[in-house]
There are 2 protein chains.
Amino acid sequence: MITLTSAEENYLKAIYHLSDGGKKGVSTNDVSAEMKTKPASVSDMLRKLGEKEVIEYRKYYGLHITEEGKKLALQTIRKHRLWEVFLVEKLKFSWDEVNEVADELSHVKCKVLIQRLDEYLGFPKFDPHGDPIPDEYGDVRARPRQLLNELDLGSTGQIVAVKDSSPAFLRYLDKVGAYIGARIKVMDKTEFDGSVEILVDNKKSIFMSKDVAGNILVMV
Amino acid sequence: MITLTSAEENYLKAIYHLSDGGKKGVSTNDVSAEMKTKPASVSDMLRKLGEKEVIEYRKYYGLHITEEGKKLALQTIRKHRLWEVFLVEKLKFSWDEVNEVADELSHVKCKVLIQRLDEYLGFPKFDPHGDPIPDEYGDVRARPRQLLNELDLGSTGQIVAVKDSSPAFLRYLDKVGAYIGARIKVMDKTEFDGSVEILVDNKKSIFMSKDVAGNILVMV
DNA sequence: TTTTATTTTTAGCCTACCCTAAATCATAAA
DNA sequence: TTTATGATTTAGGGTAGGCTAAAAATAAAA
């Protein structure tokens with residue numbers, strides 16, 4: 001059985017995200033930027049992850065995550081997202097505050113704990129940001145989603161996730177009245193700058209730049 | 001502000017317990033046995049805790065916990081016991097399984113998390129073993145307790161804690177039908193071996209040796 | 001009081017994870 | 001094709017927390 005330290009788990013999770021679930025290769029600098037550690041530290045960690053065979057690592061040529069690596073990454077993501085659900089649903093944290101705390105909580109080593117937590121939360125399928133929660137075996141059932149700026153005029157849907165989940169962006173959304181779960185309808189689209197007018201929950205009308213709308217995922 | 005690492009927090013908590021809340025002095029070997037680390041490692045840690053002034057440390061003569069140390073230890077104990085309540089009440093762990101997991105959970109660094117958890121659990125005053133949960137400021141309100149083997153014939157009370165909380169002992173109690181919160185009455189006492197007969201919840205009668213009864217605390 | 005035994009500390013080493021500075025590799029430009 | 005640039009790795013060092021083996025201090029026994 002492969003066991004990873006907390007730091008190794010963090011790196012592998014970052015690598016999984018950067019490689020878009022294993023589709024793309026990833027560079028040392030990519031990981032460095034994501035983890036906010038220096039490239040030299042990353043090199044060292046990649047060597048270790050390579051030895052544990054959760055990534056395939058060729059010096060100077062970047063890396064690919066292995067099947068085993070994907071499994072482990074998905075288990076880490078599962079833990080992280082279940083704790084996020086707990087923090088938001090039960091402890092009333094707002095969805096822009098939970099990331100770091102969930103990270104720490106998800107490093108507690110206890111299989112049973114995660115099973116019980118899952119059960120206690122009612123086996124949720126999505127986290128507060130709308131991202132899917134993998135099951136025990138790493139299976140993910142994603143729902144069909146579309147970027148808000150690509151929706152046709154008049155089409156309706158529900159906000160289910162954001163691409164950029166930085167606290168700043170999440171706070172901005174809260175401020176203008178958009179939130180995960182909001183029912184929306186595209187009322188107007190401006191051709192020359194790509195901005196859109198959105199009706200939220202059939203009552204509040206808000207404007208969004210193309211950049212903002214391009215960060216919002218809608219289930220249609 | 002004094003900040004402690006997770007390991008330092010663990011040592012300080014152990015020291016607090018060993019010194020019976022600050023009443024007694026503690027030796028290096030005591031700490032070594034409690035923490036399951038070697039005396040050499042303990043010496044090093046005591047030096048560090050001494051520098052941070054949470055203990056008063058004299059080489060070769062043991063240590064005393066300081067007022068500041070007590071405060072910090074009580075905050076760690078508070079976190080630990082709140083997580084224990086969560087694990088037992090919400091996630092349905094049994095009270096003999098929660099210690100290590102609560103330990104890991106209590107190292108998550110987030111003040112707000114503990115406040116919200118406390119609120120979510122309904123501001124509990126005692127943990128699943130019946131031990132009191134200190135408040136935010138380290139105040140503890142202990143309830144008057146007596147050892148079960150010292151109760152008079154015919155007296156009644158409620159089991160609120162155990163002295164020996166080893167998994168083996170806790171499982172034994174579960175097996176014979178005793179548990180934290182059980183209403184009990186002393187039905188018989190045998191003089192020559194100190195064993196007792198106890199009526200639990202007015203229905204089940206159980207026998208206990210003096211050793212077992214001497215490990216059970218009852219609120220009278 | 002002297003010797004022996006026990007406790008405690010020091011010295012030195014190890015792993016994990018991070019860092020900086022210097023060296024090396026790959027590639028884009030001249 | 002050679003050079004310059006940027007990415008990456010190596011070398012060496014720091015902190016935290018553990019370890020063993022040996023030295024030193026205290027306590028107990030002769």
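So you know, we letter chains A, B, ... as the sequences are listed, proteins then strands, and number each from 1.
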> Please check this pair: side chain of B:Thr190 against backbone of B:Asp193, looking for a donor-acceptor N/O pair closer than 3.5 Å.
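Answer holds: no.
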> Over all strands shown, is B:Thr28 touching base, sugar-phosphate only, or nothing at heavy-atom distances under 4.0 angstrom?
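Here B:Thr28 touches the backbone only, sparing every base.
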> List for me each residue that meets side chain to side chain contact (heavy atoms under 4.5 Å, CB included) alongside B:Asp211, sequence neighbours excluded, and say none if there are none.
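Partners of B:Asp211 by the side chain to side chain contact (heavy atoms under 4.5 Å, CB included) criterion, ordered by chain and then number, come out as B:Ser209.
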> Could you tabulate the donor-acceptor pairs under 3.5 Å formed by side-chain atoms of residues 11-23 of chain A, not counting sequence neighbours?
unit_1  : atom_1 : unit_2   : atom_2 : d
A:Tyr11 : OH     : A:Thr37  : OG1    : 3.0
A:Lys13 : NZ     : A:Asp103 : OD1    : 3.1
A:Ser19 : OG     : A:Ile15  : O      : 3.0
A:Ser19 : OG     : A:Tyr16  : O      : 3.2
A:Ser19 : OG     : A:Gly22  : N      : 3.0
A:Asp20 : OD2    : A:Lys23  : NZ     : 3.4

> State the CG-CD1 distance between A:Leu151 and A:Ile184, to the nearest 0.5 angstrom.
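Separation between the atoms: 5.5 Å.
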> Got a second to check how far B:Leu217's CG is from B:Gln146's CD, nearest 0.5 Å?
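It is 9.5 Å, given to the nearest 0.5 Å.
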> To the nearest 10 degrees, how far apart in direction are the end axes of the helix from C:dT1-D:dA30 to C:dA30-D:dT1, each fit to five base pairs?
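Taking five pairs per end, the axes differ by 20°.
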> I need a per-nucleotide contact map over nucleotides 13-19 of chain D, read 5' to 3'. Cutoff is protein heavy atoms under 4.0 Å; write B for the base, S for backbone only, - otherwise.
---SSSB
> For B:Arg47, give me all partners under salt bridge (Lys or Arg N to Asp or Glu O under 4.0 Å), at least two apart in sequence or on another chain.
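Checked B:Arg47 against salt bridge (Lys or Arg N to Asp or Glu O under 4.0 Å); matches are B:Asp44, B:Glu51.
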> Sequence neighbours left out, what passes side chain to side chain donor-acceptor pair (under 3.5 Å) with A:Glu191? Give chain and number order.
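If we apply the side chain to side chain donor-acceptor pair (under 3.5 Å) test to A:Glu191, skipping adjacent residues, there are no hits.
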> Can you pull out every side chain to side chain donor-acceptor pair (under 3.5 Å) where at least one residue sits in residues 172-181 of chain A? Sequence neighbours excluded, please.
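Residue pairs passing side chain to side chain donor-acceptor pair (under 3.5 Å), neighbours aside: A:Trp95-A:Asp174, A:Tyr179-A:Asp201.
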> In chain order, what residues pass the salt bridge (Lys or Arg N to Asp or Glu O under 4.0 Å) check against A:Glu9, with sequence neighbours excluded?
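Partners of A:Glu9 by the salt bridge (Lys or Arg N to Asp or Glu O under 4.0 Å) criterion, ordered by chain and then number, come out as A:Lys79, A:Lys109.
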> Considering only nitrogen or oxygen atoms on both sides, find all protein atoms under 3.5 Å from nucleotides 23-29 of chain D and state each distance.
unit_1 : atom_1 : unit_2  : atom_2 : d
D:dT26 : OP1    : B:Tyr61 : OH     : 3.3

> So, B:Lys70 and B:Glu67, do they make that salt bridge, N to O below 4.0 Å?
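Salt bridge present between B:Lys70 and B:Glu67.
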> Quick one: is A:Asn29 getting a side-chain N or O under 4.0 Å of the D:dT8 phosphate, OP1 or OP2?
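A:Asn29 to D:dT8 OP1/OP2: side-chain N or O found under 4.0 Å.
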> Compute both the distance and the angle, then confirm whether A:Lys90 meets the cation-pi test with B:Phe86: under 6.0 Å from the six-membered ring centre, within 45 degrees of the axis.
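A:Lys90 over B:Phe86 ring: no.
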> Quick one: salt bridge (Lys or Arg N to Asp or Glu O under 4.0 Å) partners of B:Asp118, sequence neighbours excluded?
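Per chain and number, B:Asp118 pairs via salt bridge (Lys or Arg N to Asp or Glu O under 4.0 Å) with B:Arg78.
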> Can you give me the first and the last nucleotide of DNA chain C (5' to 3') that has an atom within less than 4.0 angstrom of a non-hydrogen atom in chain A?
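First and last nucleotides in contact are C:dA16 to C:dA26.
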> List for me each residue that meets salt bridge (Lys or Arg N to Asp or Glu O under 4.0 Å) alongside A:Lys48, sequence neighbours excluded, and say none if there are none.
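By the salt bridge (Lys or Arg N to Asp or Glu O under 4.0 Å) rule, A:Lys48 matches no residue at all.
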